[in-house]
Amino acid sequence: MIKAVRGFKDILPEEIPYYRFIEEKIKGILENFGFREIRIPVLEHIEVFERSIGNTTDIVEKEMYTLKDKGGEILALRPEATAGIVRSLIENALHLKCPVLKFYFSGPMFRYERPQAGRLRQFHQFNVEVFGIKEASLDAEVVALLYIIFQELGIEKHINLEINHLGCKECRPIYKSLLINFLSSKKEKLCKDCKRRMERNPLRVLDCKNPECKEVTLQAPKICEHLCTECRRYFGETLDYLNILGIPYTINPMIVRGLDYYTGIVFEAISTEIGAQSAVAAGGRYDNLVEDMGGPPIPGIGFAIGEERAVMLLKKEKKVKEEDPRVFFAVLGEEAKRTMIPIVFKLRLKGIKCEMEHDCRKSLKSQMRKADKIKAKYAVITGEEEVKEGFTIVRNMESKEQFKVKIEELVRFFEEVER
RNA sequence: GUGGGCGUAGCUCAACGUGGUCAGAGCACCGGACUGUGGCUCCGGGGGUUGGGGGUUCGACUCCCCUCGCCCACCCCA
């Protein structure tokens, strides 16, 4: 049997309503917030990711799906969306064309990782990005927006909004060396992964899961206590705005984010209910990214929601279901089928969801079983006699009431009844 | 890349520990009881080369080896 590739999952019809609910709900909110949709390609030149996400991150080092096309170019399936959106912003000079630079995007991402609960090789993210504004009020708006999205999805009780500030070009390096000094003094107590992290990305030691490392990092200097006055002011002001907006959050000095491009405010929506991969959404400010990728110095901030992870929470909360058909047409014999099929089409065009049995040799009993199984509200029963006499039997499947309806009046009948 | 768990009908699982009743049940599916009327009930039916390959044995779903796949966790991250 041919099976799907590891880490690539079918989203079957019964699950689709959850994804639609999420995507449609979020789009509705974002449009009101003044965001516009953008769609970017699945493939990019590999530099798009190397120059943005960071050459020493695992994503770029070992998790990208790369390929050489027939012209010898090295391309990569996008492991995340922000880099591509920035590429598009620069390439299309959107900053000169759009008065407001607020974009959203939803689509599949690809990372070659070992699958586990809440982690796939192809997964879906819903991205939100704002460019060109660097104001605490905007940062608060973006963070608040994320919370409101969860609220509107009805899953805000399942997540915790955590926020931190990573500092700027000035204060981050100072903090970093402070941290390295501290960690070096405790080196023996750290796990082997953390010893490695110390060299590559010391900030990441802070979110190690190892209990012993956690004990050590509890004592570590906290970035938010070592911000320069400007960053401190900005962080405080952002939190102020969040308070004004009534958004619940907690400051977590341990969140550092994995991508190199983050600067300033970073935040995560965390859940304890979806396995070890607890981030349902995450984001932050990236003020140098556009410039680093060869564009003008435009600041940015954004976040991504993991759709599969959000669906996991949604499933705990409510059953989103698709619409059942309204009418099932049971047809006994060729004549009945030929008479009813145009009517089925007419009703469908009027927006009434109908289903007809195509095997008209099946017993009425089995056709009624099907009507019941698909949860149709009405069954229309037509046999040879009915066709001859010009009427048909309409049965209300719930009340079991039946009436005769003239065939030429069927469409009008259902228009009335279904209005 | 590393570790642990698991692979028996479409689904959930039993039979494997002491190899030798048949490879079984529930759900789902199809049909009948009701010659043209669903859900409940009763009755019947189709379906499995027990993930694949090799070995031990008179005999393996059951024991051994290899392989593939899935799941969970580490790593990393949405």
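Protein chains get the first letters and strands the later ones, always in sequence-line order, with residue 1 at the start of each. Scope of the values below: all heavy atoms of this structure, side chains included, with no hydrogens, waters or symmetry mates.
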Between [Y] and [X], is there a cation-pi geometry (under 6.0 Å to ring centre, at most 45° from the normal)?
| X | Y | value |
| --- | --- | --- |
| A/R348 | A/F345 | yes |
| A/K406 | A/F391 | no |
| A/K315 | A/Y18 | yes |
| A/K375 | A/F328 | no |
| A/R121 | A/Y112 | yes |

Below the 4.0 Å mark, does [N] have OP1 or OP2 next to a side-chain nitrogen or oxygen of [X]?
| X | N | value |
| --- | --- | --- |
| A/K373 | B/C29 | yes |
| A/R114 | B/U2 | no |
| A/K362 | B/U37 | no |
| A/K365 | B/G38 | yes |
| A/K3 | B/G7 | no |

Which residue, A/K62 or A/Y112, contacts RNA chain B at a nucleotide closer to its 5' end, judged by nearest heavy atom?
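Looking at RNA chain B, the more 5' nearest nucleotide goes with A/Y112.
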Select from A/N396 and A/R6 the residue whose nearest nucleotide in RNA chain B is closer to the 5' end of that strand.
A/N396
In whole Å, I'd like the distance from the [atom1] atom of [X] to the [atom2] atom of [N].
| X | N | atom1 | atom2 | value |
| --- | --- | --- | --- | --- |
| A/Q122 | B/C77 | CD | C1' | 17 Å |
| A/D359 | B/G36 | CG | P | 14 Å |
| A/R369 | B/G32 | CZ | P | 7 Å |
| A/F328 | B/U37 | CZ | P | 15 Å |
| A/K9 | B/C70 | NZ | C1' | 8 Å |
| A/M312 | B/C77 | CE | C1' | 12 Å |
| A/R78 | B/C77 | CZ | C1' | 17 Å |
| A/D10 | B/C70 | CG | P | 13 Å |

Centroid-to-centroid, A/F414 to A/Y378, below 6.0 Å?
yes
Assert yes or no for the condition that the ring centre distance of A/F403 to A/F413 is strictly below 6.0 Å.
yes
Which nucleotide, [options], lies nearest any side-chain atom of [X]?
| X | options | answer |
| --- | --- | --- |
| A/Q277 | B/A78, B/G38, B/C76 | B/C76 |
| A/A279 | B/A78, B/G36, B/C75 | B/A78 |
| A/D58 | B/A78, B/C75, B/G38 | B/C75 |
| A/A276 | B/G31, B/A73, B/C71 | B/A73 |
| A/R197 | B/A78, B/C72, B/C76 | B/C76 |
| A/Q125 | B/A78, B/C76, B/G38 | B/A78 |

Take atom [atom1] in [N] and the same atom in [M], then report the distance between them in whole Å.
| N | M | atom1 | result |
| --- | --- | --- | --- |
| B/A9 | B/G45 | C1' | 14 Å |
| B/C64 | B/G5 | P | 14 Å |
| B/G1 | B/C65 | C1' | 25 Å |
| B/A14 | B/G7 | P | 8 Å |
| B/C61 | B/G54 | P | 13 Å |
| B/G24 | B/U8 | C1' | 10 Å |
| B/C13 | B/C72 | P | 14 Å |
| B/U49 | B/A23 | C1' | 13 Å |

Partner of B/G7 by Watson-Crick or G-U wobble geometry, both contacts under 3.5 Å, or none?
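Across all strands, the one nucleotide that pairs with B/G7 is B/C68.
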Pairing partner (Watson-Crick or G-U wobble, both distances under 3.5 angstrom) of B/G24
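Per the H-bond distance test, B/C13.
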For the side chain of [X] and the base of [N], is some donor closer than 3.5 Å to an acceptor across the two?
| X | N | value |
| --- | --- | --- |
| A/R395 | B/G38 | yes |
| A/Q116 | B/C77 | no |
| A/E386 | B/G36 | yes |
| A/R204 | B/C77 | no |
| A/Q402 | B/U37 | yes |
| A/R119 | B/C76 | yes |

Applying a 4.0 Å non-hydrogen cut-off, can you work out what [X] is touching in the nucleic acid: base, sugar-phosphate, or nothing?
| X | value |
| --- | --- |
| A/E385 | base |
| A/G118 | base |
| A/L120 | base |
| A/S366 | sugar-phosphate |

Please name the residue in the list A/F267, A/F235, A/Y262 that meets the ring pair (Phe, Tyr, Trp, His ring centres under 6.0 Å) test with A/H165.
A/F235
